[in-house]
Amino acid sequence: MVRGKTQMRRIENATNRQVTFSKRRNGLLKKAFELSVLCEAEVALIIFSSTGKLCEFASSSMQATVERFQRHTRVTHHLERSLPHHHDQADQAANLLKEIESLEDSKRKLLGQGLGSSSYEELQQIEQQLQSSLAHVRATKHEAYKEQIDQLKEKEKYLAAENEKLAKKGYKTDEVKCIF
């Protein structure tokens, strides 16, 4: 059975329109998901029904994708306006945009996302970066623990001195529940 060609015009029957919307929305969401998985593309899809109901899909964070889109369009729009007047600034802006994209890609890879297209050497480099970062975090944590231990030792000395003072005044240390 061959389907006839669908005319691109508004469906007058409300029930048929809602059923068609639901089916096509689900098909569109499925295609967006497949594109994000198969091609490791960052996909964001926003749909508002005729009743105002929101339906959205994002392969990563919707907020991050929208912000990235806004930055890209803002810079592109700025480049288009200023290109005849400020060619050097436009080149700088384009280079900065490329650098931002590169940094975002590196960040995603360090978070373990989008690694499918990475070579073995790139994966080794990412692993070394993570190991170096982990060593730095552990060293910082060790220093924080050390400072905390030193502070607690000082507090212990202070409390021991206070207990001695109280003992000299005739208080038993187990009678005193709380000093401050």
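The residues of the chain are indexed from 1 along the displayed sequence.
Under 4.0 Å is where a charged nitrogen must lie from a carboxylate oxygen, and between K165 and E162 at least one such pair does. Ion pair R108/D105 flagged as a salt bridge, since at least one NZ, NE, NH1 or NH2 atom sits closer than 4.0 Å to an Asp/Glu carboxylate oxygen.
In this structure, CD1 in I126 is found 11.5 Å from CD in E121, a value given to the nearest 0.5 Å. In this structure, CD on Q92 lies 13.5 Å from CG on L97, to the nearest 0.5 angstrom. Separation of atoms CG (L54) and OG (S49) is listed at 9.0 Å; rounding is to 0.5 Å. For the atom pair CD (E104) and CZ (R68), the distance works out to 5.0 Å, reported to the nearest 0.5 Å. How far CD of E156 is from CG of L152: 9.0 Å, rounded to the nearest 0.5 Å.
Proximity of Q70 to V66: side-chain heavy atoms (C-beta onward) are separated by under 4.5 Å at one or more points. You'll find the side chain of I100 reaches within 4.5 Å of the side chain of R71, heavy atoms only. Residues E122 and S119 are in side-chain contact: their nearest non-hydrogen atoms beyond the backbone lie under 4.5 Å apart. Counting only heavy atoms from C-beta outward, the side chains of S59 and F33 never approach each other to under 4.5 Å.
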Enumerate, atom names and distances included, each donor-acceptor pair closer than 3.5 Å involving a side-chain atom of residues 14-25, sequence neighbours excluded.
residue, atom, partner, partner atom, Å
R17, NH1, I11, O, 2.5
R17, NH1, E12, O, 3.4
T20, OG1, N16, O, 2.8

Per-pair distances, 0.1 Å, donor-acceptor, side chain in residues 131-148, under 3.5 Å, sequence neighbours excluded:
residue, atom, partner, partner atom, Å
S133, OG, Q129, O, 3.0
T140, OG1, H136, O, 2.9

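Of the N and O atoms on the side chains of Y158 and E154, not one donor lies less than 3.5 Å from an acceptor on the other residue.
Clustering ILVMFWY residues whenever any of their side-chain heavy atoms sit less than 4.5 angstrom apart, transitively, puts L28 in a cluster other than the one holding I46.
Nearest approach of L45 to M62, heavy atoms of both residues: O-CE, 3.7 Å.
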Next item on the list: Check the pair F57 / S36 against side-chain contact (heavy atoms from CB on, under 4.5 Å), numbers first and verdict last.
Entry: CA-CA 11 Å; F57 167 79; S36 70; 4.0 Å; yes
